[in-house]
Amino acid sequence: MDTAYSQDLLTIFLSLRKRLHLTIARYVRSQSTAEDLVQDTFLRLWERRSHLPQRSMLSGYVVRTGRNLAIDFNRRARIVPFVYDIRLLEFMADTTPSPEENAIAAQTLRDLSGAIAALPPRAREVFVMARIEGMTYVEIAERLGISPKTVFSHMVVALERLEAFQQDEP
């Protein structure tokens with residue numbers, strides 16, 4: 001960027017400094033934070049000075065950049081309470097299942113698979129289509145060439161037997 005344009009940026013920034021400070025202060029509700037963000041605005045603009053819009057649009061661009069920095073500051077402030085102190089993270093619950101929970105889940109899955117396999121063939125077919133494939137009773141009826149009421153009846157049989165299996169489990 002040439003020196004003349006750098007001087008334009010500095011001149012415009014200094015002429016807008018008070019307005020920019022007031023705009024940012026309305027967002028962050030802190031005079032010292034607003035002053036920091038005004039400085040950050042200038043630094044951001046200075047670092048990107050070769051990509052700035054033409055002089056006639058520069059004033060709006062300066063104010064918009066400051067406003068965006070204030071909005072970003074507020075967003076970060078809402079997140080900070082959740083990660084304020086990294087040492088607190090060690091007290092957060094670990095949701096990873098324990099080896100024992102994995103073994104229990106694997107056994108339950110094997111048992112459930114066995115219970116589904118033990119269903120009457122048509123009830124098993126309807127259950128898999130409805131609960132695993134996500135099909136509606138009408139879609140199942142069309143695919144199997146039976147009425148939706150018959151599909152419903154097969155589903156009732158499947159669910160009753162699976163419920164009985166679940167109640168028999170310790």
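What you see below is based on every heavy atom in this structure, not just the backbone, and it leaves out hydrogens, waters and symmetry mates. All of these numbers come straight from a predicted model, not from anything done at the bench.
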Could you report the tightest heavy-atom contact between Val62 and Thr41, atom names first, then the distance?
O-CG2, 3.7 Å
Show the nearest heavy-atom pair for residues Glu101 and Thr96, with the distance to one decimal.
OE1-O, 4.4 Å
Separation between CG of Asp40 and OG1 of Thr33, rounded to the nearest 0.5 Å:
10.5 Å
Assess whether side-chain contact (heavy atoms from CB on, under 4.5 Å) is satisfied between Phe13 and Leu20, documenting all intermediate values.
CA-CA 9 Å; Phe13 180 79; Leu20 185 61; 3.7 Å; yes
Considering only NZ, NE, NH1 and NH2 on the basic side and carboxylate oxygens on the acidic side, decide whether Arg122 and Glu125 come within less than 4.0 Å.
yes
Determine whether Ile132 and Leu109 fall in the same hydrophobic cluster, where Ile, Leu, Val, Met, Phe, Trp and Tyr are linked whenever their side-chain heavy atoms lie under 4.5 Å apart.
no
Side-chain heavy atoms under 4.5 angstrom apart, residues restricted to Ile, Leu, Val, Met, Phe, Trp, Tyr: same cluster for Leu14 and Leu58?
yes
Count the heavy atoms belonging to other residues, nucleotides or ligands that lie under 6.0 Å from CD of Glu133, then report whether that count exceeds 12.
yes
Checking Arg49 side chain against Trp46 main chain: does a donor-acceptor pair fall under 3.5 Å?
yes
Take Gln31 and Glu35 through the test side-chain contact (heavy atoms from CB on, under 4.5 Å) and record every step on the way to the result.
CA-CA 6 Å; Gln31 294 300 317; Glu35 189 58 40; over 6 Å; no
Please tell me if the side chains of Phe127 and Val157 come closer than 4.5 Å, counting only heavy atoms from C-beta onward.
no
Is atom CZ of Phe152 surrounded by more than 12 heavy atoms (other residues, nucleotides or ligands) closer than 6.0 Å?
no
Do Leu144 and Val156 belong together in a cluster built from hydrophobic side chains that touch within less than 4.5 Å?
yes
Can you name the one residue among Val126, Val128, Thr150 that meets side chain to side chain contact (heavy atoms under 4.5 Å, CB included) with Ile140?
Val126
List the steps and the verdict of side-chain contact (heavy atoms from CB on, under 4.5 Å) for Leu69 and Ile24.
CA-CA 8 Å; Leu69 287 174; Ile24 293 173; 5.8 Å; no
Same cluster for Leu43 and Leu10 if Ile/Leu/Val/Met/Phe/Trp/Tyr side chains link at under 4.5 Å?
no
Where is the tightest heavy-atom contact between Gly134 and Glu139, given as atom of each residue plus distance?
O-OE1, 4.5 Å
Shortest non-hydrogen separation from Ala141 to Ser147 and the atoms involved:
CB-C, 3.7 Å
Between Arg124 and Leu119, is there a donor-acceptor pair closer than 3.5 Å when you use the side chain of the first and the backbone of the second?
yes
Looking only at non-hydrogen atoms, find the nearest pair between Phe73 and Val28 and report the distance.
CD2-CG1, 3.6 Å
Considering all heavy atoms of both residues, which atom of Ala34 and which atom of His21 are nearest to each other, and what is their separation?
CB-NE2, 3.8 Å
Under a 4.5 Å side-chain heavy-atom rule over Ile, Leu, Val, Met, Phe, Trp and Tyr, are Met57 and Val63 clustered together?
no
Does any part of the side chain of Leu162, heavy atoms only, come nearer than 4.5 Å to the side chain of Gln166, both counted from C-beta?
no
Walk me through it: do Tyr61 and Thr65 pass the test side-chain contact (heavy atoms from CB on, under 4.5 Å)?
CA-CA 6 Å; Tyr61 193 79; Thr65 301; 3.8 Å; yes
